[in-house]
Amino acid sequence: MMFDQKFITAAINRSAENPTDRRNFLRAARLTGLGVGAAALVAGTAGMADASDATTASTDATAPSDAAILNFALNLEYLEAEFYLRATTGQGLPDNLTGGTGRRGGVSGGHTVPFKTPAIRQFAQEIAGDEKAHVTFLRSALGGAAVSRPAINIDDSFAAAAVAAGLIKKGQKFDVYASEQTFLLAAFVFEDVGVTAYKGAAPLINNKTYLDAAAGILAVEAYHAAVIRTTLYGLGLAAPTVNISDLRDTVDGRPDDDQPIILNGVANLVPADGNGIAFGRTTAQVLNIVYLTGHRARSGGFFPNGVNGSINVSGDNDRDGDD
């Protein structure tokens, strides 16, 4: 048996927001590595686990459950999958990967990118496949607790971000799907945020099985970010990333953690601190970026109606921390 009874019971209690969610996590556990014996053991103690819900919750009432954290990540994966799938196929996620709890929304904007470089087309297709797989995996792990895809606005949000970053003037159009160059700059907006989001969320995950999965997704997102950053640098498009990085720094409230692709006049393909360690963002800071605001909000930017799930509020520039 991979884990003992005490650990598994505590992990499932911590990861589930209610008894129904707990059963969904048990089902997902059979698919993601806990093993049939371990799952059966926890199932046999379900009544005892239900009775201890109040005690378990009271030990750390402010900590989000693992289900809440994974659902927060799922919202971001919906956005990335829709962005890349539209760029490479002209279509988004199939309907069977968009339902769940909360209000399901549509996606506005996006179309196939007229790729001219075979290598860029190929890795864009690979990233699109990875993001779709992330959505599929997280939905399977969460079961009936998975949130639905929220409303996503692609075109208007990228235009607003470009204005805020000083790349275009207000009133001008900015079609990120118009060329492979603009597509890569748009991808730069997402990929670094995805890496810092998983890095920031990792310490909050209690269930080791899901922590292992999150670490795996983090690694893939970091690979994606490295490909995007290296390609932009090779194409001589590092300069615009300074504006984008400054925008992220402005809205997420941190003084100067974000790093562009060129720093102090030299290549900066790997954003890390003096110890070679990547930084993380809180959920509130991530929402500041995707909501395109430096203030406390529940919607905006790429998510006009907000994200689904219990973690849905961005932070204020004057303070740090999750909301």
Side-chain angles (χ1 to χ4, degrees), residues 60 62-64 68-80 150 152-153 156-167 170 185-205 214 218 221-222 225 228-229 240-264 268 270-275 277-323:
D60 189 356
T62 63
I69 296 169
L70 293 185
N71 268 320
F72 175 75
L74 179 57
N75 281 282
L76 302 179
E77 296 294 349
Y78 281 137
L79 175 58
E80 289 190 305
I152 295 173
N153 184 317
D156 292 343
S157 296
F158 272 119
V163 170
L167 300 180
K170 189 174 183 178
L185 287 171
F188 174 73
V189 173
F190 285 145
E191 289 302 340
D192 280 11
V193 176
V195 174
T196 58
Y198 278 101
K199 169 66 163 56
L204 304 177
I205 299 176
L218 167 60
E221 297 293 351
I228 298 299
R229 293 175 74 95
T241 70
V242 175
N243 298 64
I244 297 171
S245 176
D246 286 345
L247 171 63
R248 292 190 302 224
D249 261 335
T250 299
V251 298
D252 76 3
R254 289 180 175 269
D256 194 20
D257 283 331
D258 203 292
Q259 297 178 23
I261 296 173
I262 187 168
L263 192 63
N264 299 322
N268 184 52
V270 181
D273 64 16
N275 295 315
I277 298 175
F279 76 94
R281 284 186 171 95
T282 66
T283 57
Q285 290 169 328
V286 172
L287 289 174
N288 280 126
I289 295 173
V290 296
Y291 286 171
L292 298 178
T293 180
H295 305 290
R296 183 181 177 90
R298 293 183 181 275
S299 63
F302 294 97
F303 296 104
N305 298 327
V307 296
N308 285 321
S310 58
I311 302 175
N312 53 46
V313 183
S314 63
D316 290 328
N317 278 340
D318 296 333
R319 61 186 176 82
D320 259 334
D322 292 336
D323 283 314

Participant: Please round to the nearest 0.5 Å and tell me the distance separating atom OG of Ser314 and atom CG of Asp252.
Facilitator: 11.0 Å
Participant: Is the side chain of Asp249 donor-acceptor paired with the backbone N or O of Asp258 at a distance under 3.5 Å, no angle test?
Facilitator: yes
Participant: Give me the atom names and distance for the closest heavy-atom approach of Gly301 to Asn153.
Facilitator: O-CB, 4.1 Å
Participant: Has Thr282 got a side-chain atom pairing as donor or acceptor with Gly200's backbone, closer than 3.5 angstrom?
Facilitator: no
Participant: Taking all non-hydrogen atoms of both residues into account, name the closest pair between Ala201 and Ile69 and its distance.
Facilitator: CB-CG2, 4.0 Å
Participant: Search all heavy atoms of Gly306 against all heavy atoms of Ser299 and return the closest pair with its distance.
Facilitator: N-CB, 3.3 Å
Participant: Side-chain contact, heavy-atom cut-off 4.5 Å: Phe303 with Leu287?
Facilitator: no
Participant: State, to 0.1 Å, how close Tyr78 and Pro150 come at their nearest heavy-atom pair, and which atoms those are.
Facilitator: CD1-CD, 3.8 Å
Participant: Answer whether the closest heavy-atom distance between the side chains of Asn71 and Asn308 falls below 4.5 Å.
Facilitator: no
Participant: What distance do Ile289 atom CD1 and Phe190 atom CZ have between them, rounded to the nearest 0.5 Å?
Facilitator: 11.0 Å
Participant: Going by the side chain to side chain donor-acceptor pair (under 3.5 Å) test, which pairs reach into residues 189-203, not counting sequence neighbours?
Facilitator: Glu77-Tyr198, Tyr84-Glu191, Asp192-Arg229, Asp192-Arg248, Thr196-Arg281
Participant: To the nearest 0.5 Å, what is the distance between CD1 on Ile261 and CD1 on Ile244?
Facilitator: 8.0 Å
Participant: Quick one: does Leu185's side chain get under 4.5 Å of Thr241's, heavy atoms only?
Facilitator: yes
Participant: Are Phe72 and Val286 close enough that some pair of their side-chain heavy atoms sits under 4.5 Å apart?
Facilitator: yes
Participant: When you measure from the side chain of Asn288 to the backbone of Thr293, do you find a donor-acceptor pair of N or O atoms at a distance under 3.5 Å?
Facilitator: yes
Participant: Using side-chain heavy atoms (C-beta onward) and a distance below 4.5 Å, is Val307 in contact with Tyr291?
Facilitator: yes
Participant: Which heavy atom in Leu263 sits nearest to a heavy atom in Asn268, and how many Å separate them?
Facilitator: CB-CB, 3.8 Å
Participant: For Asp257 and Phe279, work out which heavy atoms get closest and say how close.
Facilitator: O-CE2, 3.2 Å
Participant: Is there a donor-acceptor pair closer than 3.5 Å between any side-chain N or O of Gln285 and the backbone N or O of Gly315?
Facilitator: no
